[in-house]
Every structure is written in structure tokens, then in C-alpha cells.
Amino acid sequence: MLSPLQLKQEMGGIVIKLIHNYTDGSGDNLQEAWDYVQAQVKCCGWVSFLNWTENPELMNRTNITFPCSCKKSDEEDALALPQKGFCEAPFGNRTQSGNDPEDWPVYQEGCMEKVQGWLQENLGVILGVCVGVAVIELLGMFLSMFLCRRVHSEDYSKVPKY
């Protein structure tokens, strides 16, 4: 069984790899899930928004470009579906060369602490659902064993065959 530290490291490795391999316009479900997390939790990257500097596609852009799901939004924007891919900043046409992360209009805080807090808050619900599913599976298994035993005790020789 994984300890909390091992789980945090494993999940961090998965998210960092996802950020590094993130491609604009991809229909990958994992990318869409991460976009949703960043938009809903109002965070960017795993440890900080600077994790996105490890993405070669993003950093090779000449204009100021950032992950759309990290964009700081107003309260009325919170109900909208999160944007996916990369967005160009409206002020990205300045004479500055390169894509400087300090100019990105994104949340600065990483998602690690917020995701960990959400998991701790909802641990009871998560465990309850897991136990509920396990109980339902056990009941199904007992019912199937009962039915199997019942089938062998019936005499099917009197049933007409078609």
C-alpha cells in the first residue's frame, strides 16, 4: 500500500509528465481532466505555474502564450466550461521577444496543495463509495452462488425441449 508521501510523489510525477507532454488541440481525456482541475480549483501547474515552462510546445511560442485553463477568471466566468489548450495574451503583440511566464495572466499557485486538501476533505465520501461498491459486489457473488446451487437441485428432465 502506498504511503501518503509516495502517493503525492507518484501523482506529482504523472502530472509533471502530463504538463510536459501537453499538446494544443489534442483530444486527450487526461489533458481535458487536468484542464478541468486547474479551472475549477483555480490553480496552475503542480507545484506552481512555472511547471508549464517545461512544456516545449508552449515555450517555443514567440507571443505571450499560456495554458487557457490557468487563466485568472471572474466569478461569472467560473460557471463556464474550462478552456482547453493554449491561449495568446491580448497584450501579446508587444515588441518583447519570447514567451515570458512572468507575463502570463494565470493563477500563480500550484494545484498540489489544493488537490491534497480536496482529497482529505472528501476522504469519507470516497471511502464510503468504495465500501458500498464492495458490499454490492459481495451480495452479487452470494446471490450467484445461491442460484448456482439451486440450479443443480432442480430436475430439468421434465422440461419440454423445442
Side-chain angles (χ1 to χ4, degrees), residues 1-138 140-141:
M1 182 153 174
L2 290 175
S3 72
L5 179 62
Q6 289 173 319
L7 180 62
K8 189 188 238 182
Q9 289 172 341
E10 186 69 26
M11 191 167 173
I14 291 168
V15 172
I16 294 295
K17 183 178 175 186
L18 170 68
I19 289 172
H20 185 269
N21 297 326
Y22 191 101
T23 55
D24 197 11
S26 173
D28 184 17
N29 289 337
L30 194 56
Q31 283 185 193
E32 289 180 15
W34 185 245
D35 285 336
Y36 183 80
V37 167
Q38 288 185 136
Q40 292 300 311
V41 181
K42 296 183 179 312
C43 59
C44 191
W46 183 242
V47 177
S48 79
F49 73 105
L50 294 173
N51 289 131
W52 281 97
T53 60
E54 297 173 21
N55 182 291
E57 182 180 344
L58 177 63
M59 296 313 295
N60 287 335
R61 304 279 178 106
T62 54
N63 290 336
I64 297 174
T65 309
F66 58 92
C68 297
S69 59
C70 290
K71 184 178 180 184
K72 288 184 183 176
S73 61
D74 299 329
E75 290 301 318
E76 60 267 7
D77 294 341
L79 297 176
L81 289 174
Q83 292 181 322
K84 299 178 246 184
F86 300 133
C87 294
E88 281 194 20
F91 50 85
N93 294 328
R94 296 189 297 190
T95 56
Q96 178 181 358
S97 62
N99 188 12
D100 185 9
E102 298 301 325
D103 293 331
W104 295 352
V106 297
Y107 297 108
Q108 307 281 311
E109 185 181 359
C111 298
M112 177 176 61
E113 298 299 327
K114 291 187 174 189
V115 168
Q116 183 179 2
W118 182 88
L119 286 172
Q120 287 175 343
E121 283 177 20
N122 295 294
L123 187 61
V125 174
I126 294 167
L127 289 176
V129 168
C130 291
V131 168
V133 168
V135 167
I136 290 170
E137 287 195 13
L138 282 173
M141 191 171 64

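The basis for the numbers below is simple: all heavy atoms, side chains too, and nothing from hydrogens, waters or symmetry mates.
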Inter-residue atom distance [X].[atom1] - [Y].[atom2], 0.5 Å rounding:
X	Y	atom1	atom2	result
Leu30	Asn21	CG	CG	10.5 Å
His20	Leu18	NE2	CG	11.5 Å
Gln38	Cys111	CD	SG	5.0 Å
Lys8	Glu113	NZ	CD	5.0 Å
Gln40	Asp35	CD	CG	11.5 Å
Glu88	Phe66	CD	CZ	9.5 Å

So does [Y] get a backbone contact from the side chain of [X], meaning a donor-acceptor N/O pair under 3.5 Å?
X	Y	value
Asn63	Thr65	no
Asn51	Ser48	yes
Tyr22	Gly85	yes
Gln108	Phe49	no
Lys72	Pro105	no
Gln31	Thr23	yes
Asp100	Asp103	no

Salt bridge Arg61-Asp24, side-chain N to carboxylate O under 4.0 Å: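 Between Asp24 and Arg61 there is a salt bridge, with a charged N closer than 4.0 Å to a carboxylate O.
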CA sep, side-chain torsions, deciding dist, call: Leu119, Ile126, side-chain contact (heavy atoms from CB on, under 4.5 Å): CA-CA 8 Å; Leu119 286 172; Ile126 294 167; 4.0 Å; yes
Within-4.5 Å side-chain heavy-atom neighbours: Ile16 and Glu54: yes
Contact check, side chains of Ile64 and Trp104, non-hydrogen atoms, under 4.5 Å: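 Touching, per the 4.5 Å side-chain cut-off.
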Minimum heavy-atom distance Lys84-Cys68, with the two atoms named: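 So the minimum-distance heavy-atom pair works out to O-SG, 3.7 Å.
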Taking every non-hydrogen atom, the tightest pair across Phe86 and Pro67: CD2-CA, 4.0 Å
Full working for side-chain contact (heavy atoms from CB on, under 4.5 Å) between Trp52 and Ile19: CA-CA 6 Å; Trp52 281 97; Ile19 289 172; 3.7 Å; yes
Glu10 atom CD, neighbour heavy-atom count above 12 within 6.0 Å: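 Open.
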Cysteine SG atoms at Cys70 and Cys43 closer than 2.5 Å: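 In this structure, Cys70 and Cys43 share no disulfide.
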Plane angle bin for Trp34 and Trp46 - parallel if under 30°, tilted between 30 and 60°, otherwise perpendicular: tilted
